[in-house]
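Here's the structure we're looking at; comments come further down.
In what follows, every heavy atom counts, from backbone to side chain, and hydrogens, waters and symmetry copies are set aside. All residue numbers in this chain count up from 1 along the given sequence.
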Amino acid sequence: LPILIGLDPLDKDKILHELRPRVFPQPPGALAVIDNALWDIKGKISNKPIYKLLGEKRNKIKSYASTVMYETIDEYMNVIDQKQKEGFSAVKFHTWCIPNKDIELAKEARKNFPNMSFMLDVENNYDFESSLKVARELEKLNFTWFEAPMIDYEFENYKKLNENVNIKIIPSGNWIMDLKIFEHVIKNKIWKSSRTDMAMMGGISFTKKALEISENAGIDCEIMSWGYTLPSVANLHLMLSTNNCTFYEQPLPYENFEFGMNDILRTKNDGYMYAPKKNGLGVEINWEIMKTKIIYSYKCDKDKKIKKI
């Protein structure tokens with residue numbers, strides 16, 4: 001961070017060049033904090049929200065409700081019913097990651113809610129045989145996609161799985177954190193749809209490139225937005241700058257992800273997430289609340305000396 005002192009925040013390319021990895025890779029989450037802040041500054045100076053700077057394609061995107069793991073199938077059914085009444089047309093399940101039990105849930109959901117869109121995320125917990133078995137069942141049940149059946153870098157197994165089913169299979173997006181490797185996987189047609197987010201890819205700038213790589217390959221890139229408001233809104237801006245991301249991921253329960261924010265992201269009763277109306281990232285932090293959770297605080301002065309406050 002000291003190398004940023006005195007630099008022009010509008011000269012983003014120069015700053016990213018200064019921060020580029022040399023001997024060792026840089027943690028993408030750390031780079032993302034800086035890159036996103038530079039986009040926020042540019043938006044506020046330009047009097048534009050970030051998605052307009054990136055190239056606006058739309059000002060809203062359909063949402064799916066992204067569940068936690070519940071103990072019983074009945075609890076999932078109650079959540080689906082509640083979210084349908086709130087305007088959602090899609091729900092994604094985080095489940096027990098036990099194939100037969102997950103299939104039972106999928107069948108019950110489809111039986112009770114024939115017109116809802118459903119996705120299943122098993123968080124990289126299956127082997128190939130289980131992935132193939134569940135994918136075939138989900139295909140029969142007309143699920144929208146099957147997410148993270150295996151670890152993302154099981155390339156040969158993903159390719160084989162896609163050759164055996166037609167349902168949309170997407171990776172978790174948590175494992176491939178390098179744009180060059182991401183591009184290599186896309187070019188070799190490992191996935192029928194990609195998945196990533198700005199924290200995994202090193203910020204808005206690099207994630208926009210991942211979207212373009214996917215779009216040029218003719219596949220969707222389903223950007224994640226599960227998490228707290230600040231990373232989620234950065235991902236929302238990326239979604240609104242492209243047409244090859246089909247849903248916004250609305251994490252449940254809402255309150256768990258809204259700490260310390262004056263502005264929050266909630267799906268409207270028409271089932272859509274709308275663009276922020278303010279410039280830059282479009283959300284404001286409640287710093288007084290945030291300060292109540294400070295563990296350590298450091299200051300870097302103009303002489304680039306770091307001191308603990």
Open item on the list: Evaluate Glu183 against Lys209 for salt bridge (charged side-chain N to carboxylate O under 4.0 Å, His left out), listing each step before the verdict.
Closed with: CA-CA 10 Å; Glu183 184 174 21; Lys209 292 178 182 178; over 6 Å; no
Open item on the list: For a side chain to side chain contact (heavy atoms under 4.5 Å, CB included) check, start with the C-alpha distance between Asp197 and Trp226, then their side-chain angles and the critical distance, and finish with the verdict.
Closed with: CA-CA 10 Å; Asp197 89 327; Trp226 189 95; over 6 Å; no
TODO: Give a yes or no on this: more than 12 heavy atoms of other residues, nucleotides or ligands lie within 6.0 Å of atom OH of Tyr70.
DONE: yes
Task: Modelled atom types, side-chain donor and acceptor of Asn244 and Thr242, under 3.5 Å - done: yes
Open item on the list: Starting from Trp145, can I reach Val91 by hopping between I/L/V/M/F/W/Y residues whose side chains sit under 4.5 Å apart?
Closed with: no
Open item on the list: If you compare all heavy atoms of Leu236 against all heavy atoms of Tyr274, which two are closest, and at what distance to 0.1 Å?
Closed with: CD2-O, 3.7 Å
TODO: Locate the shortest heavy-atom distance separating Leu16 from Ser205; write the atom from each residue and the value.
DONE: CD1-OG, 4.0 Å
Task: Side-chain donor or acceptor of His94 paired with backbone N/O of Thr67 under 3.5 Å - done: yes
TODO: Would you sort out whether Asn174 and Met224 count as a side chain to side chain contact (heavy atoms under 4.5 Å, CB included), showing the intermediate values?
DONE: CA-CA 9 Å; Asn174 295 323; Met224 291 183 280; 3.4 Å; yes
Task: Flag side-chain contact, heavy atom, 4.5 Å: Asn36 against Ile50 - done: no
Open item on the list: What I'd like to find out is whether the side chain of Leu19 reaches to under 4.5 Å of the side chain of Leu31, using heavy atoms alone.
Closed with: yes
Task: N/O donor-acceptor pair under 3.5 Å between Asn125 side chain and Glu123 backbone - done: yes
- [ ] Starting at SG of Cys245, measure out to CZ of Arg195 and round the result to the nearest 0.5 Å.
- [x] 8.0 Å
Task: Residues, nucleotides or ligands: over 12 heavy atoms within 6.0 Å of Lys189 NZ - done: no
Open item on the list: Under a plain distance cut-off of 3.5 Å, with no hydrogens placed, do Asp127 and Ser130 share a side-chain donor-acceptor pair?
Closed with: yes
TODO: For the residue pair Phe146 and Val122, establish whether any side-chain heavy-atom pair is separated by less than 4.5 Å.
DONE: yes
TODO: Give, for atom CZ of Arg136 and atom CD of Glu139, the distance between the pair rounded to the nearest 0.5 Å.
DONE: 9.0 Å
Open item on the list: When you compare the side chain of Asp301 with that of Lys307, does any pair of heavy atoms fall below 4.5 Å?
Closed with: yes
Open item on the list: For Glu104, is there an ion pair with Lys101 - N to carboxylate O distance below 4.0 angstrom?
Closed with: no
Task: Mutual orientation of the aromatic rings belonging to Phe118 and Phe143 [parallel < 30°, tilted 30-60°, perpendicular > 60°] - done: tilted
Open item on the list: Could you see if Val33 belongs to whatever hydrophobic cluster contains Leu230? Use Ile, Leu, Val, Met, Phe, Trp, Tyr and a side-chain cutoff under 4.5 Å.
Closed with: no
Open item on the list: Can you give me the closest heavy-atom contact between Leu138 and Ala106, atom names plus distance?
Closed with: CD2-CB, 3.7 Å
- [ ] Compute both the distance and the angle, then confirm whether Lys160 meets the cation-pi test with Phe128: under 6.0 Å from the six-membered ring centre, within 45 degrees of the axis.
- [x] yes
TODO: Kindly compute the distance separating NZ (Lys83) from OG1 (Thr267), expressed to the nearest 0.5 Å.
DONE: 8.5 Å
Task: Hydrophobic cluster identity match, Val68 and Tyr254, side-chain contacts under 4.5 Å - done: yes
Open item on the list: Could you check whether atom CD of Glu156 has more than 12 heavy atoms from other residues, nucleotides or ligands sitting under 6.0 Å from it?
Closed with: no
Task: Side chain to side chain, Ile169 and Trp191, heavy atoms closer than 4.5 Å - done: no
Task: Heavy-atom donor-acceptor pair, Ser193 side chain to Asp220 backbone, under 3.5 Å - done: yes
TODO: Check the pair Leu161 / Tyr126 against side chain to side chain contact (heavy atoms under 4.5 Å, CB included), numbers first and verdict last.
DONE: CA-CA 12 Å; Leu161 182 61; Tyr126 287 179; over 6 Å; no
TODO: Please answer whether the main-chain N or O of Leu53 pairs with a side-chain N or O of Lys42 as donor and acceptor at a distance below 3.5 Å.
DONE: no
Open item on the list: Please find the pair of heavy atoms, one from Arg110 and one from Leu141, that lie closest to each other, and give the distance.
Closed with: NE-O, 2.8 Å
Open item on the list: Taking Tyr158's backbone N and O only, do any of them form a donor-acceptor pair with Asn162's side chain (distance below 3.5 Å, no angle check)?
Closed with: yes
Task: Value rounded to 0.5 Å, distance of CZ in Phe259 from OG1 in Thr229 - done: 11.5 Å
Task: Test item: Cys221 and Thr196 side chains (from C-beta on) under 4.5 Å apart, heavy atoms - done: yes
- [ ] State, with a plain yes or no, whether a side-chain heavy atom of Ser297 is found less than 4.5 Å away from one of Lys291.
- [x] no
Open item on the list: Same cluster or not: Met119 versus Ile167, using hydrophobic residues (I, L, V, M, F, W, Y) connected whenever any side-chain heavy atoms lie under 4.5 Å apart?
Closed with: no
Open item on the list: For Gly280, is there any backbone N or O sitting under 3.5 Å from a side-chain donor or acceptor partner on Asp40?
Closed with: no
- [ ] Quick one: do Ile213 and Leu179 satisfy side chain to side chain contact (heavy atoms under 4.5 Å, CB included)? Show the steps, please.
- [x] CA-CA 9 Å; Ile213 290 167; Leu179 189 62; 3.9 Å; yes
TODO: Give a yes or no on whether Ile204 and Phe182 share a hydrophobic cluster (residues Ile, Leu, Val, Met, Phe, Trp, Tyr; joining criterion: side-chain heavy atoms under 4.5 Å apart).
DONE: no
- [ ] Please check if any side-chain donor atom of Ser63 sits under 3.5 Å from a side-chain acceptor atom of Gln250, or the reverse.
- [x] no
TODO: Taking Asp270 for its side chain and Tyr272 for its backbone only, find out whether a donor-acceptor pair lies under 3.5 Å.
DONE: yes
- [ ] Grab the two heavy atoms, one from Met198 and one from Ala234, that are nearest each other, plus how far apart they are.
- [x] CG-CB, 3.9 Å
Task: Under 3.5 Å: donor-acceptor pair, side chain of Arg58, backbone of Met239 - done: yes
Task: Flag side-chain contact, heavy atom, 4.5 Å: Asn59 against Tyr51 - done: yes
Task: Gap between atom CG of Asp74 and atom CG of Asn112 - 0.5 Å precision - done: 9.0 Å
Open item on the list: Tell me whether Glu222 contacts the main-chain N or O of Thr246 through its side chain, where contact means a donor paired with an acceptor under 3.5 Å.
Closed with: yes
Open item on the list: Closer than 4.0 angstrom, basic N to acidic O: yes or no for Glu255 and Arg266?
Closed with: yes
Task: Leu238 CG to Thr207 OG1 distance, which is reported to the nearest 0.5 Å - done: 5.5 Å
- [ ] Please check if atom CD in Glu71 has more than 12 non-hydrogen atoms from other residues, nucleotides or ligands closer than 6.0 Å.
- [x] no
Open item on the list: Between Tyr76 and Trp96, is the ring centroid distance below 6.0 Å?
Closed with: yes
Task: Expected output: side-chain Asn286 to main-chain Met261 donor-acceptor under 3.5 Å - done: no
Task: Minimum heavy-atom distance between Met116 and Ile80, given as atom pair plus value - done: CE-CG2, 4.2 Å
